[in-house]
Protein chains: 2
Amino acid sequence: MIDSKVTELLKKTQLSVTDGRRRILELFLQHEGALSHGDIEKKAGEKFDRVTVYRTLQAFLEKGLIHSIPSSDNSIRYALCKEECSEGHHRDDHVHFICNQCGNATCLEELVVPSIKLPRGYTAQQVEVLVSGICKSCSSR
Amino acid sequence: MIDSKVTELLKKTQLSVTDGRRRILELFLQHEGALSHGDIEKKAGEKFDRVTVYRTLQAFLEKGLIHSIPSSDNSIRYALCKEECSEGHHRDDHVHFICNQCGNATCLEELVVPSIKLPRGYTAQQVEVLVSGICKSCSSR
DNA sequence: CAACAAATGCAACAAAGTTGCAAAAAGAAC
DNA sequence: GTTCTTTTTGCAACTTTGTTGCATTTGTTG
Ligand SMILES: [Mn+2]
Ligand SMILES: [Mn+2]
Ligand SMILES: [Zn+2]
Ligand SMILES: [Zn+2]
């Protein structure tokens, strides 16, 4: 049951269990791939205020339930984090893929981002790899 | 003289030479590092309408004068392309760095993005590498 | 179930981005 | 330089996106 998973996740991160949070987390669990704020607003329907969506995503980010995926078009997408992530400590060192055809963003969990050797003076704290192209389901059609 | 460089670049890309375009291109040439739409609006002063800045950046992008740098905070930055870039054909395969302290974004032209081996079914068209951390000038202070 | 803390919706607002259109400026031709 | 044509600009009006304060509602704990 997806419903118990949702509650479990919220409990584990010490977020109080509300309808809005349950619904949004459910969306992430059901939907393969990442979701933008807009996606969520649409999918969650008229049931929740726009402000609640903002605040929920914010809370999920802070608690390490989700991580954000950068983009070149001013529409950040979010995806569920794996077990290892928690408040403060994220371990989202995988490659992200954005399909130029369907627009979907996916976490390629199996691809660990390479380490980048920076010029003298620079210190890396995080590395993001963002690949765009044609995704699996688009190329099989 | 930076002024002749500016005109030359605009001519080369078949953009008519206007005050606005000259000013904005000048900003890119003077400023080491990338600029966001907001940065440009501020630096260009009251002299130009907000809409003009949007349209100018749009035109520069299309002509391959500048490229955009993705971000996780809904504030795309832009940086000058090198000679090799032209309308349609971009060759911006270098690493980008964003400083968590001063917020500046830089093109690390000398670092070519690694090639990423994708899972079966995926085709890569572009790879972006976005490193965040502490930049050279911030760490030397 | 009572008491407290936290989350929500609403309204009002600020910031960011878009569009149509008339006026102004640039480019081309003479 | 003058004229003609095309492109760019500024303005206004508008939409979309994101933020904040506050009263009401909901969840949590004992
Ligand atoms: Mn991911
Ligand atoms: Mn660059
Ligand atoms: Zn696709
Ligand atoms: Zn810095």
Side-chain angles (χ1 to χ4, degrees), chain A residues 3-4 6-28 34-63 65-66 68-78 87 103, chain B residues 3-4 6-27 34-63 65-66 68-78 87 103 105:
Chain A
D3 218 54
S4 55
V6 163
T7 312
E8 180 207 320
L9 277 172
L10 288 174
K11 284 262 170 65
K12 202 172 76 181
T13 49
Q14 301 176 343
L15 284 165
S16 44
V17 183
T18 66
D19 288 357
R21 289 175 178 172
R22 269 223 301 279
R23 182 76 188 99
I24 294 180
L25 192 44
E26 206 176 85
L27 285 178
F28 277 114
L35 296 169
S36 70
H37 173 93
D39 294 336
I40 293 168
E41 239 181 81
K42 275 166 215 130
K43 285 176 200 280
E46 317 295 289
K47 281 211 66 186
F48 304 101
D49 194 84
R50 217 156 47 83
V51 180
T52 303
V53 177
Y54 281 113
R55 293 196 269 225
T56 304
L57 288 175
Q58 191 55 41
F60 285 5
L61 263 184
E62 278 165 11
K63 292 295 186 179
L65 265 178
I66 59 178
S68 65
I69 302 173
S71 87
S72 300
D73 67 341
N74 272 345
S75 75
I76 300 176
R77 274 162 265 222
Y78 304 89
E87 196 156 359
Chain B
D3 218 53
S4 55
V6 164
T7 312
E8 180 207 321
L9 277 171
L10 289 174
K11 285 260 169 66
K12 201 170 76 182
T13 48
Q14 302 176 341
L15 286 165
S16 45
V17 184
T18 65
D19 287 357
R21 289 174 177 173
R22 269 225 301 280
R23 182 76 188 99
I24 293 180
L25 191 44
E26 206 176 85
L27 285 178
L35 295 169
S36 69
H37 172 95
D39 293 337
I40 293 168
E41 239 182 79
K42 276 167 216 131
K43 286 179 199 278
E46 318 294 288
K47 280 210 69 188
F48 304 101
D49 194 85
R50 217 156 47 86
V51 181
T52 302
V53 178
Y54 282 113
R55 294 196 270 224
T56 303
L57 288 174
Q58 191 55 41
F60 284 5
L61 262 184
E62 278 165 11
K63 293 294 185 177
L65 265 178
I66 59 176
S68 64
I69 302 174
S71 85
S72 300
D73 68 341
N74 271 347
S75 77
I76 300 176
R77 274 162 265 222
Y78 304 89
E87 197 156 357

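Every chain is numbered from 1 and lettered A, B, ... according to where its sequence line falls, protein lines coming before strand lines.
- For the pair B:R22 CZ and D:dT8 C1', the interatomic distance rounds to 14 Å; values are reported in whole Å.
- Take B:I40 and apply the side-chain contact (heavy atoms from CB on, under 4.5 Å) test, not counting sequence neighbours, and it matches B:I24, B:L27, B:F28, B:L35, B:V53, B:L57.
- Remark: A:T52 is not in phosphate contact with C:dT8, judged by side-chain N or O atoms under 4.0 Å from OP1 or OP2.
- Distance alone, capped at 3.5 Å, is enough to place a donor-acceptor pair between the A:R21 side chain and the A:S16 backbone.
- Both B:L15 and B:E41 lie close to DNA chain C; mapped to their nearest nucleotides by heavy-atom distance, the more 5′-ward contact belongs to B:E41.
- In the helix from C:dC1-D:dG30 to C:dC30-D:dG1, the rotation axis of the first five pairs and that of the last five pairs differ in direction by 50°, rounded to 10 degrees.
- Nearest heavy-atom pair across A:R50 and A:H37 is O-CE1, 4.0 Å.
- Here the P atom of nucleotide C:dC10 and the CZ atom of A:F48 are 12 Å apart, to the nearest Å.
- Considering only the side chain of B:T56, D:dT9 comes nearest among D:dT9, C:dA6, D:dT20.
- Note: CD (A:E46) to C1' (C:dT8) measures 17 Å, nearest angstrom.
- Atom pair A:L57:CG and D:dT17:C1' shows a separation of 13 Å (rounding to whole Å applied).
- Between A:N74 and A:V17, the residue whose closest nucleotide on DNA chain D is further toward the 5' end is A:N74.
- The pair B:K11-B:E8 does not count as a salt bridge, with every side-chain nitrogen at least 4.0 angstrom from each carboxylate oxygen.
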Residues A:L65, A:L15; criterion side chain to side chain contact (heavy atoms under 4.5 Å, CB included); working and verdict: CA-CA 10 Å; A:L65 265 178; A:L15 284 165; 4.0 Å; yes

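- Residue A:T18 places no side-chain N or O under 4.0 Å from the OP1 or OP2 atom of C:dA7.
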Trace of the side chain to side chain contact (heavy atoms under 4.5 Å, CB included) decision for B:V6 with B:V17: CA-CA 9 Å; B:V6 164; B:V17 184; over 6 Å; no

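- Which of C:dA7, C:dA26, D:dC11 sits closest to the side chain of B:D49 comes down to D:dC11.
- When the C1' atom of D:dT9 is taken as reference, atom CZ of B:R23 falls 17 Å away, rounded to whole Å.
- Nearest to the side chain of B:Y54, among D:dC11, C:dG9, C:dA16, sits C:dA16.
- Taking atom NZ on B:K47 and atom P on D:dC11, their separation rounds to 13 Å, with Å as the unit.
- Distances shown here put a side-chain N or O of A:R21 below 4.0 Å from the OP1 or OP2 atom of C:dA7.
- At a cut-off of 3.5 angstrom, the base of C:dG17 holds no donor-acceptor pair with the side chain of B:R55.
- The separation between A:I40 atom CD1 and D:dT16 atom C1' is 17 Å, rounded to whole Å.
- Under 3.5 Å, the side chain of B:R50 and the base of D:dG10 form no donor-acceptor pair of N or O atoms.
- Separation of atoms OG (B:S36) and CD1 (B:I69) is listed at 10.5 Å; rounding is to 0.5 Å.
- Rounded to whole Å, the distance from CG on A:D73 to C1' on D:dT16 is 15 Å.
- One distance of note links CG of A:D19 with OG1 of A:T52; it measures 11.0 Å at 0.5 Å rounding.
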